[in-house]
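All remarks here apply to the structure that follows.
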Amino acid sequence: MMLLQIRRYVLVLLAVVLLLPGICIRIPISHAQAGTFITLDSHQNGQAIQPGVAELFGTYSGVYDLQLIVNGKFIADVLMDDPNGDDIGSWSYKLDTSQLDGTIELVLKGNDTVSRYGIWSPWTHLNIDNPAAHIPEVQITSSSGPSQQLNKLDINISVEGKNPISLVELRVSGGDWLQVPPAKNGYHYKFKLPHARQPVYSLEGRATDTFGNTGYSLTYYAKVGSHPRENSSNPASVTENVYQDQILSPAPAGLMEGDDASWENKTEAPIGRIFSSPPLPDQDRAIWIWENASYPLILNPNSREVLSSMAKDTTTFQQRPITTLYLAVGQYNRATMLEDYRYEVQQFIEWAHEEGFQVQALIAGGTSPPYFGAYQRYHTQAVKEFEQILNYNLASGTSARFDGVNVDTEPYILPDFKTAKPSVQIQYLDMLQLLMERKEASGLRLSVGAAIPRWYDTSPDASDISWNGETKWLSEHIQDTADYISIMDYRDQAEGSVGIIAQALNELAYANKIGKPKSVVIGVETKDIADGGDPETISFHEEGRTYMEEELIKVYQAFQNDSAFGGIALHHYSSILDFPSEWGPGGYTWQPPADHEPPSTVQGAMAAAFDFQRIQITYDMAMDNTAVNSYRIYRGTEADFHIGPNTYAGTSKGLSYKDSGLLPDTTYYYKITAVDISGNEGAPSMAVSATTEPSSMKPMVIEEMSIVYSSGIATVTVKMVDMVTREPVTAKINGRFTHMAGKYVNAATNAEGLFQAQSETIPALRGEIGFLPRRIMADSYYWASAYDQLPYPTVIWEP
């Protein structure tokens, strides 16, 4: 406690120092008020550490939900110690470095307690010399041939590493991994071409050392049928952002469907290059399908009937049919879709094409968090993620190939997008150009589009970007480079100066100026965005599906004669399935085909304590004769507890759940059930348990919550009490109104523990409004939300 108090005094002094004139201490803060910061105090930047467990710790002020990001690969929640309940405290994390070698890049990200936008710590780099964890560096250095006599590709591979190499392998166009023998200089393999040649072959190398560490090369695209000096496409150094390879210009139309011919090679892309685009299909209407929904579609063929029925339904809400699927292919639940489930993906795309859908692979940057892929130092990961799609297509028949790629990398989330303009903006454009160069090198003619926010043509952060010899809006550079854009035109009204139509006009005008028909897709939001800092006006969630479709009709009418308009995309599949026509007694949702069969029993459940009041639950995917829509988590304090309303803990759309607000030093048992799209609930899993850690913090709970609606406004009343004594507690409550309302409120209870807040004005003859507390803080207390009465009440009214 004494250490914590000292840290508090230091934080207060630092906040004062930051406000003094003439003092120049730079702490990168994004969307933050003065005194909001995150520090890492346990290690100095550039410090050398030993392999093992590194005890990381630091301080914070004015933030919550702190996460540690390591090397753009690993994200973890950290332990936060705030006994005074004032959002000022210390954090800690035990980082296992036994599997790391070289430079470790660390940064912390939290949410501002006022704006709820992201706040970042300074970057910290640690160095570790750990040969046992070193990843071999692999590069395909050249490929020549095929000669007319031998009909083979001569492939050379170089490998560097700290440990002896035990195995080097080669994969050609997605085939089996082939062992490569050592040669005089590096490794050499003669690959015999099949009788029916492809115009371009993807060559991938990997090497494994004696410690079992495996490294992968970037892809080398070998063109068949040219002079030996003209058939290589080898990215020599992506991390230096320089390609020492020969970029193939695109084949003439139709060439890549099996013709054995050659075309001109170019050593580099010219300055200001506008990549050639295939003719773009009308994408209307498209939908984003993220990993928690895309993996079930791949692994459970029965779930596809739900997708098809929903997409083709034009009567429930008088909507247009969905014709284009943006299918996420990133890592999920320790699996990589295009590596681990390639055959299943081929089956899905063949099915989708037979059903009349276009399928585009959805990627986001190749890192965790995905937007790190915009940084130059992470371009290798972004390129590898993109190459997985290209290589999948080269390894698949025409009917099983992706029709395009939707790149949803969002560099504006990065801490220096604003503070170091135009550095991040240019790095992002360089990444996008690299992806387009990789596409041309592969010879594939699939369309590549970038998802961009609506303000890349109006915000000062996106203006006057000098790149490739030209100064333009960021949106214009992107439109020059990518085949199309999908604007995240997230607004809940079509008309007006801040409406969907007005926000898309500049991009449409520029697309027409550069002659790109159907290259502007307009995206709209349907999910609940309450956890972020954005206002509810960016989503149709509060207004309902019927209102949304009425507004989208106005968008179609406005752009029906605009040749650049490519359609509307919905974000996203999981939220659309449950999206009601309206909230309240008149609302209804899309109904799937009749089904009375419950999903399978959930397997692989595990529980692990995070701290004194949170347990993390994970489990495996359940199967169903249609589609699993969600998972219900039940909690008890005995192994044989019964599932039901009294033991219901929460619902998850994915394969994990954070159960918080528990009691310290208590063992909890969990059972999980799968619920399908028709509401059928499967049998519960076997019970799993975990025990929370001890703590001196006292639990407080919501003893009462009521909500009333009058004169167009909902009023919520909450009473906070000590869970044990039932005495009132003075606390700060942060939360938001839900259903038809979306206002976020921050206020404190009075001496009687009472909190009251009002929603925005919602004049309607009928409807439903609720209130969801997000954070409750008090001195020496924590919010034991698991012991609130659930579900929280809503108010429903009608004439």
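The first residue in the sequence is number 1, and the count goes up from there. Quick caveat: nothing in here was measured; it's all calculated off a predicted structure.
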Neighbour count above 12 (heavy atom, 6.0 Å) for Gln44 CD: no

Glu160, CD atom: more than 12 neighbouring heavy atoms under 6.0 Å: no

Please find the pair of heavy atoms, one from [X] and one from [Y], that lie closest to each other, and give the distance.
X	Y	result
Ala364	Thr409	O-OG1, 3.1 Å
Gln616	Lys658	OE1-CG, 3.0 Å
Ala222	Leu153	CB-CD1, 4.4 Å
Val688	Ala605	CG1-O, 3.2 Å
Gln388	Glu339	NE2-CG, 4.2 Å
Ala382	Gly373	CB-O, 3.9 Å

Asp209/Lys162 ion pair, N-O < 4.0 Å: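 Salt bridge: no.
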
Electrostatic pair Arg304:Glu355 at N-O distance under 4.0 angstrom: no

Side chain to side chain contact (heavy atoms under 4.5 Å, CB included) assessment of Arg206 paired with Val138: CA-CA 6 Å; Arg206 71 181 183 187; Val138 188; 5.6 Å; no

Residue pairs, two or more places apart or on separate chains, that pass ring-ring contact (aromatic ring centres under 6.0 Å, His included) and touch residues 173-193: none

Side chain to side chain contact (heavy atoms under 4.5 Å, CB included) between Leu325 and Leu307, worked out: CA-CA 10 Å; Leu325 313 177; Leu307 169 63; 3.9 Å; yes

Assess, by modelled atom type and distance only, whether the side chains of [X] and [Y] contain a donor and an acceptor separated by less than 3.5 Å.
X	Y	answer
Ser486	Asn406	yes
Gln360	Asp403	no
Gln283	Thr324	no
Tyr295	Asn300	no
Thr103	Asn127	yes
Arg171	Asn391	no

Below 30° counts as parallel, above 60° as perpendicular, anything between as tilted: where do the rings of [X] and [Y] land?
X	Y	answer
Phe417	Tyr412	perpendicular
Tyr375	Tyr378	tilted
Phe372	Trp123	tilted

Heavy-atom check, side chain of Gln139 versus side chain of Leu218, under 4.5 Å: no

Student check: side-chain heavy atoms of Pro131 and Asp129 closer than 4.5 Å: yes

Where at least one partner belongs to residues 67-76, residue pairs that pass salt bridge (Lys or Arg N to Asp or Glu O under 4.0 Å), sequence neighbours excluded: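 Matches after skipping sequence neighbours: none remain.
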
Verdict with reasoning, Tyr631 to Tyr619, per ring pair (Phe, Tyr, Trp, His ring centres under 6.0 Å): CA-CA 10 Å; Tyr631 295 88; Tyr619 39 88; 5.0 Å; yes

Ring center gap for Tyr392 and Phe402 short of 6.0 angstrom: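 Close enough - the centres of the two rings lie under 6.0 Å apart.
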
Pair Tyr221 and Tyr201, ring centroids less than 6.0 Å apart: no

Passing candidate, side-chain contact (heavy atoms from CB on, under 4.5 Å) with Gln433, options Met436, Met431, Glu437: Glu437

Any donor-acceptor N/O pair, Ser447 side chain to Leu280 backbone, under 3.5 Å: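 Looks like no, no N/O pair under 3.5 Å.
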
Side-chain donor or acceptor of Thr97 paired with backbone N/O of Leu100 under 3.5 Å: no

Atom pair CD1/CD of Ile69 and Gln67 - distance to nearest 0.5 Å: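 If we round to the nearest 0.5 Å, Ile69:CD1 and Gln67:CD are 7.0 Å apart.
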
Euclidean distance, Tyr93 OH relative to Leu108 CG, rounded to 0.5 Å: 11.0 Å

Stepwise side chain to side chain contact (heavy atoms under 4.5 Å, CB included) check, Tyr484 with Val448: CA-CA 7 Å; Tyr484 74 91; Val448 177; 6.0 Å; no

Criterion side chain to side chain contact (heavy atoms under 4.5 Å, CB included) on Leu95 and Val70, from CA distance to verdict: CA-CA 9 Å; Leu95 176 65; Val70 183; 4.1 Å; yes

